Student: 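There's a structure below that I have some questions on.
Any value given below was found using the heavy atoms of this structure, including those in side chains, with hydrogens, waters and symmetry copies removed. All of these numbers come straight from a predicted model, not from anything done at the bench.
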Amino acid sequence: MGAVFLFLVGFGLAITGGISSIIYLNFLPAGLMWSDYFAFIVTRIECYFLPLGILIMWIVLYRFPNNP
């Protein structure tokens with residue numbers, strides 16, 4: 001049960017970080033360059049949730065494999 005909870009937490013974090021990164025892509029049509037975009041998202045904590053969530057899901061999937 002704990003593995004399912006950890007997986008869902010990782011999934012939620014990954015979704016939050018991915019959506020935030022996509023939302024901030026709206027700065028590109030406003031005239032910002034890609035380098036400005038990456039410099040901006042590095043300063044936003046919610047953009048770090050994407051790699052953190054993927055890491056948590058990966059750990060849960062490989063730590064608790066399905067053994068029939």
Side-chain angles (χ1 to χ4, degrees):
M1 191 65 175
V4 172
F5 177 74
L6 283 176
F7 182 82
L8 290 176
V9 167
F11 183 76
L13 288 173
I15 293 297
T16 303
I19 288 174
S20 297
S21 299
I22 291 171
I23 288 173
Y24 291 135
L25 281 172
N26 286 324
F27 288 141
L28 293 177
L32 272 76
M33 302 295 292
W34 280 100
S35 58
D36 298 329
Y37 169 73
F38 288 119
F40 177 75
I41 65 169
V42 167
T43 64
R44 306 300 300 179
I45 189 70
E46 63 266 14
C47 293
Y48 287 107
F49 290 162
L50 176 62
L52 180 66
I54 291 172
L55 179 68
I56 291 172
M57 289 189 300
W58 182 78
I59 289 171
V60 169
L61 286 175
Y62 285 103
R63 178 89 167 107
F64 304 105
N66 186 11
N67 294 327

Student: Using a 3.5 Å cut-off and no angle test, enumerate the donor-acceptor pairs between side-chain atoms of residues 26-36 and protein atoms at least two apart in sequence or in another chain.
Tutor:
| from | atom 1 | to | atom 2 | distance (Å) |
| --- | --- | --- | --- | --- |
| Asn26 | ND2 | Ile23 | O | 3.2 |
| Asp36 | OD2 | Met33 | N | 3.2 |

Student: Kindly work out whether a path of hydrophobic side-chain contacts (I/L/V/M/F/W/Y, heavy atoms less than 4.5 Å apart) joins Phe5 to Ile56.
Tutor: yes
Student: Group every Ile, Leu, Val, Met, Phe, Trp and Tyr by side-chain heavy-atom contacts under 4.5 Å, then state whether Leu25 and Phe38 land in the same group.
Tutor: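 Cluster IDs for Leu25 and Phe38 match.
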Student: Side chain of Tyr48, backbone of Val42: donor and acceptor closer than 3.5 Å?
Tutor: yes
Student: Same cluster or not: are Ile45 and Ile41 linked, directly or through other Ile, Leu, Val, Met, Phe, Trp or Tyr residues, by side-chain heavy atoms under 4.5 angstrom apart?
Tutor: no
Student: Indicate if Tyr24 and Leu50 have the same hydrophobic cluster label, given that clusters are the connected sets of ILVMFWY residues with side-chain heavy-atom separations under 4.5 angstrom.
Tutor: no
Student: Considering only distance and modelled atom types, tabulate donor-acceptor pairs under 3.5 Å from the side chains of residues 6-21, sequence neighbours left out.
Tutor:
| from | atom 1 | to | atom 2 | distance (Å) |
| --- | --- | --- | --- | --- |
| Thr16 | OG1 | Gly12 | O | 2.8 |
| Ser20 | OG | Thr16 | O | 2.9 |
| Ser21 | OG | Gly17 | O | 2.9 |

